[in-house]
Amino acid sequence: MNFSDLVTEYVTYKQALGMRFDTEARDLASLCRRLGDVSVASVTADQIQAYLNGNKAVSSYWARKRTILGGLYRFALARGYSITSPLPRYRPKLPPPFAPYIYSQAELKRLLDVAPAACGPCVPLDAYVLRTLILLLYGACLRHGEALRLTIKDVDLEQSILCIRETKFYKTRLVPMGKHLNTALREYMQRRNLQFATEPDAPLLCFRDGRPLSQSAVRSAFRRQRALANVQCAGNGGHQQPRLHDLRHTGAVHRLIAWYRSGADLQRLLPQLATYLGHIDLVSTQRYLTLTPELLHEASTRFESYAMETHHD
């Protein structure tokens, strides 16, 4: 059997089960291009090892590719398309998991302030559009792909709700907006509707010519914005700089801090936060709750109050 035919059948199988499997399909297509027109039986352990190692330092991406190939070869072995697996039995020592960057309130303000400078005449993106994207990612804790897919019909300013369709797990969820985000979106819509189409399916966030924003253009604009705002990680040699996706992490952490300060019932609210973020379980949400000094202080304060009450009882 041809290796590319195996990949096509495997991707079709996974997507038929209801999985999106887009990223995995792209990775497997990359391997097919690397191997060329070869049979499944002719793929060697050295070829697989070279693909996994790549040409950069070993990272968590190695583990992700290994997991994808593990599924592919389990599929092939179960159907008799292969009698052996060329996957390595041992994994290299991987670096620690990537720690999301939690922006301070001052850094968030600087990012918003420099949006005009990041969107000059040569950039096909208006500053007020970039600014609104930042507010959506932080204020509604959206994935940036979710924000870019929003259409006019997905925004209900009267009910103060965003409808997030076709998310990471093929689910649709309703995200309530706070007063400040609602006000910002209302102002944005007034300006946007003077420039762009207002049909229900028209994109909410647009380039200057009315096309929906692309992820590549947004990432490029954000890199300029981040540099202008002087928001950077120190001590890692310039690697792993703050990302757009970290705005979602930041929104979740800041919300948890606010709940600590208000004395809210976290046992009740954490499952609600998981639903708000579009997670299927609390384990996924826990990855977002990076332990910042501010969060640690609020947690310690809450524990001290609890300990004092218990002692007096």
message: Do Val114 and Val218 sit in one hydrophobic cluster, given that two such residues count as connected whenever their side-chain heavy atoms are within less than 4.5 Å of each other, even indirectly?
response: no

- prompt: Would a distance-only check, ignoring hydrogens and angles, find a side-chain to backbone donor-acceptor pair under 3.5 Å from Glu146 to Ile164?
  reply: no

message: Taking the basic N atoms (NZ, or NE/NH1/NH2) and the acidic carboxylate oxygens, is any pair closer than 4.0 Å for Glu24 and Lys65?
response: no

statement: All heavy atoms of Leu162 vs all of Ala140, minimum pair found to be CD1-CB, 3.9 Å

pair Leu137-Leu133: side-chain heavy atoms closer than 4.5 Å: yes

- prompt: Does Gln47 use its side chain to pair, donor to acceptor, with the backbone of Thr44 at less than 3.5 Å?
  reply: yes

field: Side chain to side chain, Leu28 and Val11, heavy atoms closer than 4.5 Å
entry: yes

Pair Arg208 + Asp126: basic N to acidic O under 4.0 Å: yes

query: Can you list the steps and then say if Gln190 with Arg186 is a side-chain hydrogen bond (donor to acceptor under 3.5 Å, both in side chains)?
result: CA-CA 6 Å; Gln190 290 172 351; Arg186 193 177 294 275; over 6 Å; no

message: Using every non-hydrogen atom in the two residues, find where Ala221 and Ala118 come nearest and quote the distance to one decimal.
response: O-CB, 4.1 Å

query: For Tyr13, is the NZ or CZ atom of Arg79 found under 6.0 angstrom from the centre of its six-membered ring and inside 45 degrees of the ring axis?
result: yes

- prompt: Which distance, rounded to the nearest 0.5 Å, do you find between the OH of Tyr51 and the CG of Leu35?
  reply: 9.5 Å

task: Begin from the C-alpha positions of Glu107 and Arg226 and carry the test salt bridge (charged side-chain N to carboxylate O under 4.0 Å, His left out) through to its verdict.
output: CA-CA 9 Å; Glu107 288 172 331; Arg226 188 186 63 209; over 6 Å; no

Side chains of Arg224 and Ser220, donor plus acceptor under 3.5 Å: yes

query: CG/Leu204 to CE/Met189 distance, rounded to the nearest 0.5 angstrom?
result: 6.0 Å

message: Quick check for you: to the nearest 0.5 Å, what is the distance between Leu174 atom CG and Arg165 atom CZ?
response: 9.0 Å

- prompt: Does Tyr10 have its ring centroid less than 6.0 Å away from the ring centroid of Tyr73?
  reply: no

task: Answer yes when Asp154 and Arg149 have at least one side-chain N-carboxylate O distance shorter than 4.0 Å, and no when they do not.
output: no

query: Counting heavy atoms not belonging to Lys153, are there more than 12 under 6.0 Å from its NZ?
result: yes

Geometric class of the Phe222/Tyr103 ring pair [parallel <30°, tilted 30-60°, perpendicular >60°]: perpendicular

Axial cation check for Tyr138 ring with Arg248, 6.0 Å and 45° limits: no

task: Check whether the side chains of Arg191 and Gln195 place a donor and an acceptor atom closer than 3.5 Å, and report yes or no.
output: no

- request: Look at the side-chain heavy atoms of Ile, Leu, Val, Met, Phe, Trp and Tyr, link any pair under 4.5 Å apart, and say whether Leu135 and Leu108 land in one connected group.
  value: yes

query: What is the minimum heavy-atom distance between Pro124 and Phe207, and which atoms define it?
result: O-CD2, 3.2 Å

message: Grouping I, L, V, M, F, W and Y whenever their side-chain heavy atoms are under 4.5 Å apart, do Leu157 and Leu205 come out in a common cluster?
response: yes

- request: Check the side chains of Asp201 and Thr151 for a donor-acceptor pair under 3.5 angstrom, ignoring hydrogens and angles.
  value: no

From Leu77 atom CG to Ile83 atom CD1, the distance as rounded to the nearest 0.5 Å: 9.5 Å

field: Note: Asp113-Arg110 ion pair, threshold 4.0 Å (strictly below)
entry: no

Heavy-atom closest contact (Ser39 atom, Ser42 atom, distance): O-OG, 2.9 Å

task: Would you kindly confirm whether Leu111 and Val123 end up in one hydrophobic cluster when ILVMFWY residues are joined by side chain heavy atoms under 4.5 Å apart?
output: yes

query: Same cluster or not: are Leu194 and Leu125 linked, directly or through other Ile, Leu, Val, Met, Phe, Trp or Tyr residues, by side-chain heavy atoms under 4.5 angstrom apart?
result: no

query: Where is the tightest heavy-atom contact between Gln225 and Leu112, given as atom of each residue plus distance?
result: NE2-N, 4.4 Å

field: Closest heavy-atom pair and its distance - Cys163, Thr172
entry: SG-CG2, 3.7 Å

- prompt: Could you give the distance from CG (Leu72) to CG (Leu31), rounded to the nearest 0.5 Å?
  reply: 8.0 Å

message: Are Arg66 and Arg91 packed together at the side-chain level, in the sense that at least one heavy-atom pair is separated by less than 4.5 angstrom?
response: yes

query: Any ion pair linking Arg192 and Glu187 (charged N to carboxylate O, less than 4.0 Å)?
result: no

task: Measure the CE-NZ distance between Met19 and Lys14 for me, rounded to the nearest 0.5 Å.
output: 4.5 Å

query: Any side-chain heavy atom of Val231 sitting closer than 4.5 Å to one from Pro242?
result: yes

query: Any luck finding a side-chain donor-acceptor pair between Asn2 and Ser4 under 3.5 Å?
result: yes

